[in-house]
Chemist: 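Below is the structure I would like to discuss, written out as structure tokens.
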Amino acid sequence: MYPFDILHSLFICSTFSRYLCRLMFPEYDILVVGAGHAGCEAAAAAANLGSRVLLVTMNMQTIAQMSCNPAMGGIAKGQIVREIDAMGGYSGIVTDLSMIQFRMLNRSKGPAMWSPRAQNDRMLFSQKWRELLEQTPNLDFYQDMVKSLLVKEGRVTGVVTGLGHNIRAKSVILTNGTFLNGIVHIGEKSFGGGRLAEKAATGITEQLVSLGFESDRLKTGTPPRIDGRSLDYSKMEEQSGDSEIVGFSYLNTEKPKSQKSCWITYTNQSVHDVLKTGFDRSPMFAGRIDGVGPRYCPSIEDKINRFAERDRHQLFIEPEGWNTIEIYVNGFSTSLPEEVQYEALRMIVGFENVKMFRPGYAIEYDFFPPTQLKYSLETKLINNLFFAGQINGTTGYEEAACQGLIAGINAHQKTREQGPVVLKRSEAYIGVLIDDLISKGTEEPYRMFTSRAEFRTLLRQDNADLRLTELSYRLGLASQERMDKVIAKREAVDKIKSALKDFAIEPGEINAYFEKIGSSTITEKQKAQKVLLRPDVELPELITELPKLATALNGFSADAIEQASIQVKYEVYIEKENKLVQRMSQLEELEIPETFDYKKIASLGNEAREKLTRIRPRTLGQASRISGINPSDVQILMVYMGR
């Protein structure tokens with residue numbers, strides 16, 4: 001064959017290949033890279049809003065995989081899941097459909113601290129997520145690794161896959177989790193991987209750095225998984241679920257008819273002594289891990305090293321599902337050599353005959369400091385490119401999922417040339433999380449806590465639907481069913497509060513109850529609303545004690561009664577926070593022009609000029625929350641903006 005014929009044949013093959021690629025992959029509105037919790041919520045949100053979406057994952061069998069503990073919710077995290085659900089996301093629904101145990105944490109504290117938590121069936125969780133995604137219109141799937149982005153004139157236009165496909169899209173959302181140049185560490189062994197037995201993703205970090213992005217390394221870990229049949233539960237403390245399963249979704253999701261117990265045991269000095277024999281082979285102590293680990297979920301070797309004065313640490317023994325014997329040892333995350341892990345496990349009370357399925361390990365991965373993002377989670381450097389999840393330096397399924405939801409919404413908004421959806425710190429924990437990331441950045445895996453929210457009395461788990469559903473409904477994401485439920489709940493709460501305001505209680509009807517609970521008696525009749533203000537009195541108990549009140553409130557749901565009770569009891573505190581929000585909003589409304597030149601303000605310190613120039617806050621409110629920015633710096637900015 002002559003050279004011309006060879007070139008001609010190659011041209012025909014190349015043209016035919018491009019034709020097939022376009023046939024297989026027409027241009028999508030949004031392409032989501034990664035099918036973890038962030039990727040699944042992003043794909044679902046964008047598709048349900050009407051965008052044509054392609055979800056690309058390296059393994060279709062691990063969609064929404066619970067890579068670490070099989071649980072959702074917890075302190076502040078439970079509030080996030082309820083907020084996702086209130087906005088029409090799927091995490092709350094899937095959690096309810098796959099839970100094996102439910103607990104409302106912090107019930108002994110005020111409602112602002114109540115946090116739902118569910119233990120889940122790991123395999124069922126992933127299965128239910130995939131079922132919901134496959135039932136979502138406008139959503140396609142493809143199994144392949146994305147190795148690079150297509151970027152033209154400062155705008156992303158698609159991706160290139162490992163199989164060589166150029167897939168076009170108007171917007172791309174990266175939700176790569178722990179897979180970007182991931183390295184797994186077990187003792188002195190280390191190898192590439194995004195999870196154990198799953199390969200890492202390569203190429204994207206290097207390309208983004210070449211485009212001007214800053215990247216860094218983080219580390220996380222997981223404990224060994226063990227055979228539940230080899231444990232002696234009689235030596236442990238049983239932890240059962242709540243008698244009432246509230247759940248996460250505001251829809252009428254199906255709840256389990258029974259629950260599985262978790263168990264509590266402790267390490268001891270013998271366990272610690274065995275673990276210390278492996279410290280010289282620990283990748284963390286030997287300096288083979290560069291990434292910073294999670295402060296609030298340290299490995300067992302880190303706990304022993306940092307808290308040397310403690311002779312034991314609590315462990316939660318958590319079942320992995322309904323129909324499996326596999327157990328997750330919560331609190332025993334480690335990357336020590338396998339034989340050290342196994343020997344130490346055998347020293348735990350109840351674990352004397354333990355069998356280990358797979359060892360714990362640490363994983364190191366790339367992330368991109370989130371100060372490089374806008375509030376919409378779109379990158380500042382590349383238009384139409386969004387980051388969500390652990391790529392932004394967060395830890396936890398819930399933190400990732402809520403970012404995915406917001407990125408999916410805003411990628412859709414961007415393709416429709418509509419403004420971004422930005423939740424304020426006073427509107428949602430999601431708003432707190434994103435504002436913290438954008439304004440402060442993070443040098444360690446970011447985890448949400450109730451203490452991070454200055455308006456947590458407003459941001460309760462019980463009222464996420466009242467706060468967020470209407471906004472999402474206007475966008476077209478939350479369904480009519482959800483909006484109807486919110487309207488009905490508001491009306492019911494108003495009626496209950498009105499009834500409490502009018503209902504009079506005679507001393508003879510209530511004093512016996514007051515004496516029983518150690519509360520002062522009354523000498524004249526009082527309105528139910530006033531009685532409810534007592535810290536030791538709850539509305540359900542009042543209803544039980546007063547048949548007439550029970551009749552007056554007959555037909556109202558437990559959810560509406562609880563909501564009305566909280567609003568009455570905490571009215572003063574709620575009003576106080578609302579006033580604080582109003583005062584703070586003045587700074588939030590003062591926008592800073594994108595072209596504002598901080599370097600020209602000589603009265604600003606060097607640190608303030610450098611950070612303001614790098615982060616480029618959108619408002620004075622955001623500027624005030626940047627680490628290192630003082631109130632005097634904000635006042636100087638106000639003066640210059642006024643000029």
Side-chain angles (χ1 to χ4, degrees), residues 73-89 92 104-107 109-116 246 248 250 375 398-399 402 405-406 421-439 448-474 478 482-483 485-487 489-494 496-497 529 532-533 535 539 559-589 619 621-622 624-625:
I75 307 301
K77 292 168 175 279
Q79 283 87 328
I80 288 176
V81 177
R82 297 216 89 188
E83 289 176 353
I84 292 170
D85 183 78
M87 293 192 70
M104 184 66 77
L105 307 182
N106 285 338
R107 272 288 192 182
K109 301 179 180 179
M113 304 299 288
W114 297 353
S115 301
V246 177
F248 285 86
Y250 290 96
Y375 271 101
E398 303 83 359
E399 289 90 344
C402 73
L405 176 80
I406 297 301
V421 173
V422 176
L423 297 177
K424 299 176 184 176
R425 295 182 70 92
S426 58
E427 290 179 318
Y429 271 92
I430 299 174
V432 174
L433 180 146
I434 293 175
D435 182 64
D436 279 353
L437 293 175
I438 304 305
S439 302
M448 177 55 71
F449 291 101
T450 51
S451 58
R452 294 190 189 274
E454 60 270 41
F455 305 118
R456 54 185 172 274
T457 303
L458 302 179
L459 308 182
R460 307 183 309 276
Q461 59 83 32
D462 58 85
N463 70 350
D465 55 341
L466 301 178
R467 290 186 276 119
L468 298 172
T469 298
E470 186 174 356
L471 166 66
S472 185
Y473 175 73
R474 291 199 304 268
R482 287 185 181 278
M483 194 63 233
K485 281 181 172 292
V486 167
I487 293 171
K489 181 176 178 177
R490 281 178 180 156
E491 292 176 350
V493 168
D494 287 343
I496 294 169
K497 289 166 67 177
Q529 182 187 47
L532 191 57
L533 294 177
L539 185 53
D559 183 33
I561 288 173
E562 179 185 77
Q563 183 63 214
S565 176
I566 291 171
Q567 290 187 18
V568 170
K569 290 179 76 70
Y570 295 90
E571 182 179 13
V572 174
Y573 303 99
I574 292 171
E575 286 183 1
K576 183 178 179 181
E577 282 204 358
N578 277 324
K579 289 179 180 177
L580 182 58
V581 169
Q582 290 173 6
R583 289 201 299 270
M584 295 292 291
S585 66
Q586 295 174 3
L587 285 179
E588 301 298 337
E589 291 170 0
T619 66
Q622 183 189 358
S624 70
R625 292 187 294 274

Chemist: Taking atom CG of L423 and atom CD1 of I406, what is their separation to the nearest 0.5 Å?
Modeler: 4.5 Å
Chemist: Identify the heavy atoms of A453 and R456 that sit nearest to each other, and give their distance.
Modeler: O-NH1, 2.9 Å
Chemist: Please give me the minimum heavy-atom distance between A564 and K497, naming the atom from each residue.
Modeler: CB-CG, 4.0 Å
Chemist: Is there side-chain contact between Q563 and L466, with at least one heavy-atom pair below 4.5 Å?
Modeler: yes
Chemist: Please check if the side chain of S585 supplies one atom and the backbone of Q582 the other of a donor-acceptor pair under 3.5 Å.
Modeler: yes
Chemist: Partners of S472 by side chain to side chain contact (heavy atoms under 4.5 Å, CB included), sequence neighbours excluded?
Modeler: M87, L477, A478
Chemist: Calculate, to the nearest 0.5 Å, the distance between atoms CD and OH belonging to Q461 and Y429 respectively.
Modeler: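 Those atoms lie 10.5 Å apart.
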Chemist: Going from OH on Y250 to CG on D462, what distance comes out if it is rounded to the nearest 0.5 angstrom?
Modeler: 6.5 Å
Chemist: Which atom names give the shortest non-hydrogen contact between G73 and V81, and what distance separates them?
Modeler: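 Reported closest heavy-atom pair: N-CG2, 4.4 Å.
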Chemist: What is the minimum heavy-atom distance between S426 and L459, and which atoms define it?
Modeler: O-CD2, 3.4 Å
Chemist: Going through the checks in order, is the side chain to side chain contact (heavy atoms under 4.5 Å, CB included) test met by W114 and I566?
Modeler: CA-CA 12 Å; W114 297 353; I566 291 171; 4.1 Å; yes
Chemist: Under the criterion salt bridge (charged side-chain N to carboxylate O under 4.0 Å, His left out), I'd like the reasoning laid out for R425 against D436: C-alpha separation, chi angles, the key distance, then a yes or no.
Modeler: CA-CA 9 Å; R425 295 182 70 92; D436 279 353; 2.9 Å; yes
Chemist: Could you work out, with side chain to side chain contact (heavy atoms under 4.5 Å, CB included) as the rule, every residue matching E577, not counting sequence neighbours?
Modeler: F455, T457, L458
Chemist: Quick check on salt bridge (Lys or Arg N to Asp or Glu O under 4.0 Å): which of R583, K424, R625 does E588 satisfy it with?
Modeler: R625
Chemist: Are E571 and I574 close enough that some pair of their side-chain heavy atoms sits under 4.5 Å apart?
Modeler: no
Chemist: Can you measure from CD (Q567) to CD1 (I496) and round to the nearest 0.5 angstrom?
Modeler: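 If we round to the nearest 0.5 Å, Q567:CD and I496:CD1 are 9.5 Å apart.
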Chemist: Would you kindly say whether T469 and D465 are connected by a side-chain donor-acceptor distance under 3.5 Å?
Modeler: no
Chemist: Locate the shortest heavy-atom distance separating M448 from V432; write the atom from each residue and the value.
Modeler: CE-CG1, 4.0 Å
Chemist: For S115, run the side chain to side chain donor-acceptor pair (under 3.5 Å) check against Q79, K77, R460 and tell me which one passes.
Modeler: Q79
Chemist: Is the shortest side-chain N to carboxylate O distance from E562 to R107 below 4.0 Å?
Modeler: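 Yes, this pair counts.
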Chemist: Quick check for you: to the nearest 0.5 Å, what is the distance between R82 atom CZ and N463 atom CG?
Modeler: 9.5 Å
Chemist: Has F449 got more than 12 heavy atoms of other residues, nucleotides or ligands less than 6.0 Å from its CZ?
Modeler: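 Yes - once you tally the heavy atoms of other residues, nucleotides and ligands closer than 6.0 Å, there are more than 12.
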Chemist: Do L587 and T619 have side chains that approach each other closer than 4.5 Å (heavy atoms only, starting at C-beta)?
Modeler: no
Chemist: Between E470 and R490, is there a side-chain N and carboxylate O pair less than 4.0 Å apart?
Modeler: yes
Chemist: With sequence neighbours left out, what residues match K109 under side chain to side chain contact (heavy atoms under 4.5 Å, CB included)?
Modeler: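 Partners of K109 by the side chain to side chain contact (heavy atoms under 4.5 Å, CB included) criterion, ordered by chain and then number, come out as N106, M113.
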Chemist: Taking all non-hydrogen atoms of both residues, which atom of L405 and which atom of G89 are closest, and how far apart?
Modeler: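 Smallest interatomic distance, heavy atoms only, reads CD1-CA, 4.2 Å.
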Chemist: Starting at CZ of R482, measure out to CD1 of I487 and round the result to the nearest 0.5 Å.
Modeler: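 Going from the CZ atom of R482 to the CD1 atom of I487 covers 14.0 Å.
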Chemist: With a sphere of 6.0 Å drawn around CE of M483, does it hold more than 12 non-hydrogen atoms of other residues, nucleotides or ligands?
Modeler: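 More than 12 heavy atoms, drawn from other residues, nucleotides or ligands, come within 6.0 Å of this atom.
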